[in-house]
S.K.: 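First the structure, then my questions, so here it is.
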Amino acid sequence: MKSKDSIIGLVFALFSIFGITYIRSQEYISTLGLSRGVFPLLALVIIGICGLLILVKALRKPQNAQARMKIEWTSPEVIKLLLIMLILFVYVWLFKSIGFIITTIVFMVASMFLYGERRLVYLISIPIGTTVFIYLLFTKAFYIMLP
Amino acid sequence: MELLNLPEIGSALFQILNLKVLLWIFVGSIIGLVFGATPGLTATTAVALFTPITFGLSYAESFGFLLGIYCCGYYSGSIPAILIKTPGAPGNAATTMDGYPMAQKGRAGEALTHSVFSSFIGGIFSCFALLLFAPMIAQFALKFGPPEYFAIAILGMSAVASISGKSILKGFIAGMLGIILGCVGLDPIDGLERFTFGTVSLMQGIGLIPAVVGLFALTEVFQKTLDYNKSSGKIITQIEKALPDLKLYWSVKWLLLKSIVIGVIIGAIPGTGPTVASWISYNEAKRTAKHPEEFGAGSVEGIIACESSNNAVTGGAIIPMVTLGIPGDGVTAVLLSALLIQGLTPGPMLLKNNFSAFAMIIWILLFSNLFMLLFGLLGSKYFPKMFSIPIQILLPIILVLCVAGSYAVANSVVDISVALLLGIIGFILVQFGFPVAPMVLGLILGPIIEPNFRLALIGGNMSPLVFASSPICVLFLLLSIILLALIVRREQRAAKSEFSQSN
């Protein structure tokens with residue numbers, strides 16, 4: 001099993017090559033003076049060099065490298081995290097079309113439930129209370145319109 | 001320009017002595033206290049979340065609110081450091097070394113008192129440093145051109161090494177990723193698009209506020225979700241009453257002064273901040289202490305050194321922000337946008353044309369420090385209750401604030417999407433041992449380094465000798481190399497000593 005460092009070192013070395021190829025394909029570099037591609041190109045070269053150095057260090061001294069790459073995809077914490085990210089995506093996607101109040105209340109109920117809250121009083125009162133408070137704070141105190 | 005415009009300073013005080021402004025400072029201080037005391041949230045996140053919603057406030061109210069968050073947020077990270085052995089922010093990590101051992105010995109109240117009082121002294125002194133040095137630097141900075149601005153920003157980038165944690169290589173990668181993020185949008189010189197992938201919404205570039213929200217707040221929430229069932233340290237709930245012992249502070253006056261000076265200077269170096277300042281002060285205090293063996297076991301001097309330095313950064317970091325338009329730390333990077341929102345352009349002309357705006361910042365900082373002292377001394381016995389908010393309620397509220405705060409920047413869902421994406425990227429990077437702070441640093445300083453570099457070369461007919469023609473430029477570039485070399489050498493020594501200890 002590869003170490004995390006060897007994987008990430010390789011990833012960034014490849015990222016650097018991909019980035020440099022992209023810059024050249026978009027013609028960000030011109031022969032006249034310092035064009036818009038030079039600075040990001042320099043950053044990508046540094047990323048590539050650092051990535052290669054991390055990879056080489058990990059291969060030469062694996063005992064010093066970041067721990068083995070091992071993700072327990074079925075562990076409750078990872079599943080919880082993935083579900084939270086999923087409902088967050090859905091919340092953001094529907095935020096503007098449905099509106100702040102409804103989406104926020106539903107999101108808060110769902111996320112509190114996922115985090116382990118089971119008390120019905122809290123599952124109802126806290127989302128509604130928090131949503132109304134934030135809505136009034138933004139719109140009345142700070143004059144920021146929410147959808 | 002007069003160095004100290006006394007009538008303007010007086011007039012600024014009258015504008016601050018307004019119930020509404022004082023109320024905003026008060027509210028900001030409470031928010032700073034809560035955010036700073038919640039491990040992982042930090043004052044930077046709070047300022048980023050709340051800056052967009054200050055659009056509708058006046059200058060004094062807006063800065064009263066944000067600087068209240070700033071001052072209190074920097075101090076309150078010491079509360080969990082002392083009570084649960086977990087710093088609220090990296091800048092308070094050094095306080096854990098002596099704060100928690102003191103609390104374990106039944107002296108939690110004393111540790112909290114030293115923390116707030118030292119922070120107060122550091123904060124007040126840094127206000128005077130700001131008042132004294134900013135006008136001088138602003139006058140001097142009128143002569144600065146692109147080579148000097150480039151060199152100062154490079155000095156800031158060299159600080160990447162000091163906030164990279166265990167791996168400087170990973171820190172550099174994160175810093176360069178931040179620079180590439182800063183390249184998204186329109187090229188600052190030619191006005192041509194870069195990395196927009198044909199998307200109109202990316203022409204504006206990646207906003208700093210959504211980036212900070214994503215990389216700091218969302219990354220932390222995701223990490224807390226993953227660590228959900230891991231128990232945190234035991235909370236010390238017994239807080240005895242303790243008032244500051246002024247005789248003790250007089251006896252350590254030179255330690256205090258040294259720590260404050262370190263905090264102000266480090267704060268004034270772009271891109272550094274309280275983490276670097278507090279550790280340097282702590283190590284320096286230990287090195288010169290009469291009883292260095294007490295450090296790490298509940299030394300009062302350890303807490304005084306860290307916390308006075310930590311809050312001294314606040315005034316120091318504002319110096320380059322107002323005089324050069326270059327942020328001293330993460331919070332001042334966000335405060336730059338707050339200044340622009342209020343129609344003020346940071347830089348040497350700000351003090352010349354708007355001295356009263358600058359003077360208001362000083363008065364607001366003074367009042368913020370006073371509120372911080374009051375909360376810290378009167379509210380300490382209630383602090384353990386702050387950690388009793390169930391995480392299943394706290395995390396969803398933080399997520400909603402992140403979404404609403406990111407949306408408020410430009411009433412755009414794109415900003416929320418950026419925050420979310422960067423939150424996921426930041427979380428993945430953290431799993432591989434990468435620090436996210438350098439990424440924010442790169443995002444802030446990249447748009448300063450690149451255009452000034454290119455303009456300097458254009459002005460010098462593409463000759464790199466243009467950077468050697470200015471003594472200030474040469475000085476800052478040399479300082480960058482020296483700083484980088486010192487940090488790399490320190491990290492190598494630390495790695496060797498860790499290796500020999502494990503063998």
Side-chain angles (χ1 to χ4, degrees), chain A residues 4-5 7-8 12 19 22 26 28 33-40 42-44 46-47 50-51 53-54 57 64 66 71 76-78 80-81 84-85 88-89 91-93 95-96 100 104 107-108 111-117 122 126-127 130-131 134 137-138 141-147, chain B residues 50 52-57 167 169-170 172-173 175-177 179-180 183 187 189-190 192-195 218 221-222 225-229 390-393 395-397 399-401 403-404 407-408 411 413 416-417 420 424 427 429 431-434 442 446 449-450 453-454 457-458 462 495 499:
Chain A
K4 283 182 181 177
D5 278 2
I7 291 172
I8 203 65
F12 276 114
Y22 180 79
Q26 297 296 307
Y28 286 175
L34 281 177
S35 55
R36 57 186 161 144
V38 172
F39 200 64
L42 194 61
L44 283 163
I46 293 173
I47 287 174
C50 291
L53 285 171
I54 291 172
K57 273 176 93 170
N64 288 348
Q66 192 85 348
I71 300 172
E77 289 77 26
V78 173
K80 190 185 309 197
L81 176 64
I84 289 288
M85 284 180 179
L88 195 50
F89 265 114
Y91 174 38
V92 171
W93 183 40
F95 182 78
K96 203 156 183 181
F100 173 79
T104 303
F107 170 75
M108 279 200 73
S111 54
M112 282 173 65
F113 188 83
L114 274 173
Y115 278 122
E117 184 56 65
Y122 281 32
I126 289 173
T130 308
T131 305
I134 292 176
L137 184 71
F138 273 56
F142 295 119
Y143 309 107
I144 303 280
M145 293 319 295
L146 292 169
Chain B
F50 289 101
I53 60 181
T54 61
F55 288 8
L57 302 177
S167 171
L169 286 173
K170 289 180 180 177
F172 273 122
I173 288 180
M176 293 303 117
L177 283 174
I179 282 185
I180 289 172
C183 292
D187 172 65
I189 307 291
D190 305 327
L192 299 169
E193 63 83 24
R194 278 188 305 196
F195 304 116
L218 287 177
V221 168
F222 294 149
T225 305
L226 202 61
D227 297 337
Y228 193 74
N229 288 322
I391 205 157
Q392 63 267 27
I393 295 173
L395 293 183
I397 292 176
L399 286 170
V400 169
L401 280 174
V403 168
Y407 178 79
N411 281 19
V413 178
I416 311 175
S417 306
L420 188 52
I424 292 171
F427 171 73
L429 287 176
Q431 301 315 301
F432 283 92
F434 283 77
I449 294 173
E450 188 195 1
F453 178 67
R454 288 164 70 183
L457 283 175
I458 291 167
M462 301 310 287
F499 183 68

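This is a predicted model, so every value here is computed, not measured. In what follows, every chain begins at residue 1, and chains take the letters A, B, ... in the order their sequences are listed.
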S.K.: Check each atom of B:Ile173 against the heavy atoms of chain A and say whether the ones under 4.5 Å are side chain, backbone, both or neither.
M.R.: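 Contact with chain A: backbone and side chain both.
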S.K.: For the CG atom of B:Leu399 and the CE atom of A:Met108, what is their distance to the nearest 0.5 Å?
M.R.: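 The CG atom of B:Leu399 sits 9.0 Å away from the CE atom of A:Met108.
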S.K.: Are the side chains of A:Glu77 and B:Thr225 in contact, using a 4.5 Å heavy-atom criterion?
M.R.: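 Side-chain contact under 4.5 Å: no.
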S.K.: Of the non-hydrogen atoms in A:Asp5 and B:Phe432, which two are nearest, and what is the gap between them?
M.R.: OD1-O, 4.3 Å
S.K.: Below 6.0 angstrom between ring centroids: does that apply to B:Phe434 and A:Phe12?
M.R.: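 Centroid distance B:Phe434-A:Phe12: below 6.0 Å, so yes.
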S.K.: Under 4.5 Å heavy-atom distance to chain B, tell me which part of A:Leu81 shows up: side chain, backbone, both or neither.
M.R.: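 Both backbone and side chain.
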S.K.: Using non-hydrogen atoms and a 4.5 Å limit, figure out which bit of A:Pro147 sits close to chain B: side chain, backbone, both or neither.
M.R.: both
S.K.: Heavy-atom pairs under 4.5 Å with chain A: which of B:Phe172, B:Tyr407, B:Phe222 has the most?
M.R.: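 If we count pairs closer than 4.5 Å to chain A, B:Tyr407 comes out on top.
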S.K.: Answer with side chain, backbone, both or neither: which region of A:Tyr122 has an atom nearer than 4.5 Å to a non-hydrogen atom of chain B?
M.R.: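 For A:Tyr122, side-chain heavy atoms alone lie under 4.5 Å from chain B.
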S.K.: To the nearest 0.5 angstrom, please state how far the CG atom of B:Leu420 sits from the CG atom of A:Leu88.
M.R.: 4.5 Å
S.K.: At a heavy-atom separation under 4.5 Å, does A:Ile126 approach chain B through its side chain, its backbone, both, or neither?
M.R.: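 Just its side chain gets close to chain B.
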S.K.: Would the distance check show the side chain of A:Arg36 and the main-chain N or O of B:Arg194 forming a donor-acceptor pair, the cut-off being under 3.5 Å?
M.R.: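 The answer is no, because no donor-acceptor pair under 3.5 Å joins these two groups.
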S.K.: With chain A as the partner, which of B:Pro52, B:Pro396, B:Gly56 has the greatest number of non-hydrogen pairs under 4.5 Å?
M.R.: B:Pro396
S.K.: Measure distances from A:Ile144 to the heavy atoms of chain B and classify the residue's part below 4.5 Å as side chain, backbone, both or neither.
M.R.: side chain
S.K.: With only heavy atoms counted, which part of A:Ile54 is less than 4.5 Å from chain B, the side chain, the backbone, both or neither?
M.R.: both
S.K.: Do A:Met85 and B:Phe427 have side chains that approach each other closer than 4.5 Å (heavy atoms only, starting at C-beta)?
M.R.: yes
S.K.: For chain B, which candidate among A:Gln26, A:Met145, A:Glu117 shows the most heavy-atom pairs at distances under 4.5 Å?
M.R.: A:Glu117
